[in-house]
Every structure is written in C-alpha cells, then in structure tokens.
There are 2 protein chains.
Amino acid sequence: MSIVTLVQSVADTLTPSERVLVKEVMARPREIALSTAGELAERAGVHEATASRLARKLGFDSYANFRDAIRDEFIVQTDPAVRMRNTLAQSRGNSLLGGLIAQEIEALTHLPDYIGDDRLKAAARQLTDRRKVFIFARGNAESLAVLMERRLRRMAIDAVLLSGDNRDVAERLLALNADDALLTFAFRRQPRHYAAVIEHARKVGAFTLAIAGSIGPALTPAADLLLSAPRSGTADGFQTLTVPMAICNGLILQMAETAERRSLVRLEELGRLISTFETS
Amino acid sequence: MSIVTLVQSVADTLTPSERVLVKEVMARPREIALSTAGELAERAGVHEATASRLARKLGFDSYANFRDAIRDEFIVQTDPAVRMRNTLAQSRGNSLLGGLIAQEIEALTHLPDYIGDDRLKAAARQLTDRRKVFIFARGNAESLAVLMERRLRRMAIDAVLLSGDNRDVAERLLALNADDALLTFAFRRQPRHYAAVIEHARKVGAFTLAIAGSIGPALTPAADLLLSAPRSGTADGFQTLTVPMAICNGLILQMAETAERRSLVRLEELGRLISTFETS
DNA sequence: TAACAATTGCAAGATAATTTGCATAATAAT
DNA sequence: ATTATTATGCAAATTATCTTGCAATTGTTA
C-alpha cells in the first residue's frame, strides 16, 4: 500500500504537527528516505517524538519500518531499471527467459552509472592511437577476448590474443612496447598472472585498460584506465557476459567514432549507425 | 572522489575479507546504501567489524560516512532529476553508450515474442537427452560457440567445437551419430558449409538446433528446431551478440532446470538461481 | 468560567548500530 | 623450527537513534 494511500486513510485524524511532517515527506521523499527521524523532525520544525508517533499512526511498528516503506516506494521502485524489470516480468509471467531478460535489462540500465562517456572516450582514444592491442583474458572472458580481437581487426587495428599456456603468453608479451596497448578482462576474480602481465606492460610503457566486473576497483596493480560494472546474475553462481559485452561494443563504437577511419561499416553507414545510437 | 578511485588507491593493501566486501559494494551499491554495516558484512560472509575497518581504510571517519558517500554517488547522483541538473553530466539520450543500451534493451524486451518457453524447453530437452553436442559457427558467432562449449562442459555435457578449416570440420563430423545433437549459429548470412553440415546431421539422424538472427526462417535446409530473434543494431552495419547470448544463457538455464543434474552451480544454488530468474 | 481532552516537547529508557581492545589463528619472515 | 606480523572474529564499550511515560500547554466543550 502506498504512502499516499496510508496517509489518506488517517488524514482526518492528523494533528497539525503531523500534517507538517507528512507535507515534508511528500515534498522530498528521497531525502527523507536517507535521513533519521530526528532530521525529518528538525526539518519540519517539530519534535522527533512526533515523527515516531506519526509512523505508528500510519500503521507501522516503528519509524524505521515507515522509512523502509518510503525507501521502497521512492528509491527502489522508482529506479528505472527496477521499474523496467518489473514491467517485463509482469507481462511475461513466470517465464525463465523473461526473468533472465529482466535481470539483463536491469543491469544494462545501470551501466551508465558506472561508466560515463568521458571514460569510454578516453579509453577509445588510447586504443585508437596505439599501434597494436594485446588482449589478455582467462575463463569465460576468453569469448569476449575473441570477439574484441575480431572487431579490432575489422577496424584495421592490429590485435593479438594472449592465449595458450603461460609460456605462450610470456613469449607474445615480449613484443609489447610503448606504442602498444594492453586490454585485460577480469570478472569473477583477478586472473592468474594478471599482476605479472600488467607490471610488464607498465615497465615497457604500454597503455593498460581493464574491463572488469565488481572486482574492478580491487584489481592490483591497477590498470591505467578501468571500465567496470557489475554483471547480472548471482555472485557465486550463474553470471552472464551481457554487461561486459555492452562495454566492449560501446568501446568499439566509440573507437569507430574517434578514429573516423574505415572500419566495420563503410563511412556513410558509420555515420548512420552512430546517429542511430546517439538519437535513441 | 568516487568510491572506485578510493578503492583503487588502497587496492594493494586490501585483505581478503575487505576484497569480498568491496566486491559486494560494487555489485549492488544501491542495496548496500540502504543497509547497515552488519547487513553488508553478513551478505559478504565476514564480520561487521571488518566493514567498519574497511571504511576507515578508505579514508572515512566512520562506516556511516562511507555509506553516505555510496548513497550520494549511487542514489543521489544517479537520480534522473539530479542528473539533468548536473552541468557536467550528459543525458542518456545523447550518449553513445546510452543509445547502445537502449537498443539492446529494446531488442531483449521483444525476445520473448520470438521465442516462447515451450520452444526453449523443447530445445533444452533435446540437448540434454543427447550424448554429445557438436557446435558449428562462423564469424563473430564463434565467440558464442566458445562460450556455449564451456558452459555445456561445466554441465557435464560433452561438447565439441567444429572449428578450424573445412577438413577439420569434416573429420570431426564423422563422429556425429543419432545419439548426438548439432547446434549451429547463423546471423548475418547462412554460414559457408551450413547446408552440408545440416544435411550430414540429418543423414545420421542427429538432432539439429539453430540459433539465428533474422535470417533464421530462411535457412535451408531447416534445422529440426529454430530459435531465432532479430539482433539489435542495423541490418547492414554494426550488430551485437546480446540477443543471441541471451538465447544461449536461457537455453543453458533451461537445460539446467530440465536435467536437474549437477551443473554450473551446486544444486541448492541452482534452485535459488532459477527461482531468482523466475520470480523477478 | 471551569473542567476535560488533545497535543506535543522533554527526558529517561530502550534498542540498534558501530567501534575498539583483545585474543587467537594464520601467514610470513628469519 | 621459531618468532614476528597480520587478519579477523568476539564481545564489551560507545554512539546513534528511536520510543514512551510524563507533564505543561493549548483548545474544546459543557
């Protein structure tokens, strides 16, 4: 039941101080959701005890429960990602595919919260200016590495997969120099040999970019630039590559725009493509 | 200073428990912003004292200050109303990443229109019942094939990539028989040798499944079962693998549910995972 | 005008949340 | 093998927040 409905149901019994509190809650619910009862009361010019009594009058066991309801209605449910997910889930019923898609959509919707266009542009600029891009990934991220290698090659950018056993990786890394870039992926945990690879890249002066999940900030040593956002799914269980793939695709598109060179599509198609994505 | 930057600045001094906490914060910052230190710690499986220490290590006077910073960055600053007032932020509409995400979301939203749960279940049942799954893909779809091969293996299903040149493919196809399944991908156009591969599979009585884009219905000869939906992007230009990846992930989850066997996650986690996707 | 009822601030008490000293276990260094 | 250091859970202490009994004030009614 919404806060408005609850208030309406007791409106005729509200005291003057309670009315002032209610007005304050409805005027700035998100701020109130992140405040204490004392802060709300101070803002309304009444005593905090009155705030506690109002919560009780509205049917909540405590002010904390009242605040939890405000949070759910004005922060959780108004989150565009949650709203979209719920709308889809409602229309699709108890479908496994529907549920999966709803979670992907929620995660994608939040992606811009983690990665601003400035960061994407900086990363694109760096990769475009380099002679060769070395790509390092382990585990499931290897399929993303394969994809990026192909996409970069289509853009006439020399890309090298650092795959195979440790000897193969080390041998290929010998070719890395200051004119190159290193692109590395990290999702569930910091990949084996990540530190050694990054340290070598730093030593030779190459630019390093990490595309990561929630562990991104904790990667050590840090890459020169980090693009990280949480993936959808569960922490210990099934996680998808949809969010990292969107990061990769965004990076490729940004590089295409940055470079203004012949790439995956012909120049006029590139223009149409970019305008398609920008005006959506 | 952002939470990510703060974490990066101390990343090399983080203890294992602190890393787990950080990962949790980055995975669901909005939920953490509305929780207590004890709730975060419980979720991460560490002690609440560790959460307090982490806040101090990150430079905050208290956990409450740390939480206020999370709130500001992930609730206040991401509020659409605030974002539009923020002179430094670009609105999502004019953002390249925003446009890309909007298109991915639109395509994902329509995916259930093309693929019903009955079709997904039928495909899952067939793949689960077979002895071995052969995977055939060309071009960018190869990264999906790599992913599917890994996922199927994690589910204890024997999977074989039909990669390499034509001779390699032909040699491996010789092992295909009536107890097996063939999974093939087709997006921009019918892949070279698709017809030969499908015909051979039909001849030996194997089950054939095609995961395709808009050309799916036009594939000839047809596979026994087709899962196809249009990808996002433009017909002649840049297209992403987000929709086919969602199909693959849905298939894997459906197979996990269908088989009720040990898979990517332990059985109890599987139960939780499936319920997460189904009740969202 | 007096009695009664309601409102609401005060402050003590209760509860919730966080911090910190301490001890133990694990790890690293000698 | 021994010693030193670090990590982290435990629990007591502290702080923050909320609730409730009480009383003063104000408004209403007879």
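Reckoned from all heavy atoms, side chains included, excluding hydrogens, waters and symmetry mates. Fair warning: this is a prediction, and the values are worked out from it, not measured in the lab. Reminder, nothing fancy here: chain letters follow the sequence lines and each chain counts from 1.
- With a 6.0 Å radius and a threshold of 12 heavy atoms from other residues, nucleotides or ligands, A:Gln77 has its CD atom above the threshold.
- With rounding to whole Å, A:Leu54 atom CG is found 14 Å from D:dC18 atom C1'.
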Contact list (N/O, under 3.5 angstrom) for nucleotides 27-29 of chain D vs protein:
none

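- A pairwise comparison of heavy atoms in A:Pro230 and A:Ser214 identifies CB-OG, 3.5 Å as the closest pair.
- In this structure the side chain of B:Thr36 never reaches within 4.5 angstrom of the side chain of B:Leu40, judged on heavy atoms.
- Following rounding to the nearest Å, B:Leu58 (CG) and C:dT19 (P) show an atom-to-atom distance of 13 Å.
- Residue B:Arg67 places no side-chain N or O under 4.0 Å from the OP1 or OP2 atom of C:dA17.
- D:dT17 atom P lies 15 Å from atom CG of A:Asp68, rounded to whole Å.
- Between the side chain of A:Arg67 and the backbone N or O of A:Ala33 there is no donor-acceptor pair closer than 3.5 Å.
- Comparing C:dA17, C:dA11, D:dG9 against the side chain of A:His47 picks out C:dA11 as the nearest.
- Exactly one of A:Ile215, A:Asn140, A:Leu241, A:Val243 qualifies for a side chain to side chain contact (heavy atoms under 4.5 Å, CB included) with A:Phe187. That residue is A:Leu241.
- Atom NZ of B:Lys57 and atom P of D:dA7 are 6 Å apart (whole Å).
- Considering only the side chain of B:Tyr63, C:dT19 comes nearest among C:dG9, C:dT19, D:dC18.
- Considering only the side chain of A:Arg53, D:dT20 comes nearest among C:dG21, D:dT20, C:dT19.
- For the pair A:Leu21 CG and C:dG9 C1', the computed distance is 13 Å after rounding to whole Å.
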Passes salt bridge (charged side-chain N to carboxylate O under 4.0 Å, His left out), A:Arg131 versus A:Asp180? Steps please. CA-CA 5 Å; A:Arg131 186 177 60 88; A:Asp180 301 329; 3.2 Å; yes
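- Nearer to the 5' terminus of DNA chain D, by closest-nucleotide assignment, is the contact made by B:Glu18 (compared with the other of A:Ala49 and B:Glu18).
- Within the 4.0 Å cut-off from OP1 or OP2 of D:dC18, not a single side-chain nitrogen or oxygen of A:Arg56 is found.
- Summarising the geometry, the separation between CZ on A:Phe60 and P on D:dC18 is reported as 15 Å, rounded to the nearest angstrom.
- Between B:Ser17 and D:dT8, a side-chain N or O to OP1/OP2 separation shorter than 4.0 Å is present.
- Between B:Arg56 and B:Asp61 the shortest heavy-atom distance is NH1-O, 3.2 Å.
- Within the structure, every side-chain polar atom (N or O) of A:Thr50 is placed at least 4.0 Å from both OP1 and OP2 of C:dT7.
- Taking atom CG of A:Asp61 as the reference point, atom C1' of C:dA16 lies 16 Å away to the nearest angstrom.
- The shortest distance between the side-chain N/O atoms of B:Thr15 and the OP1/OP2 oxygens of D:dT8 is below 4.0 Å.
- The side chain of A:Pro16 lies closest to C:dT8, out of C:dT18, C:dT8, D:dC18.
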Could you walk me through whether A:Glu199 and A:Lys203 pass the salt bridge (charged side-chain N to carboxylate O under 4.0 Å, His left out) test, one step at a time? CA-CA 6 Å; A:Glu199 274 164 6; A:Lys203 198 171 71 174; over 6 Å; no
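- The CD-C1' distance, from A:Glu48 to C:dT8, rounds to 13 Å in whole Å.
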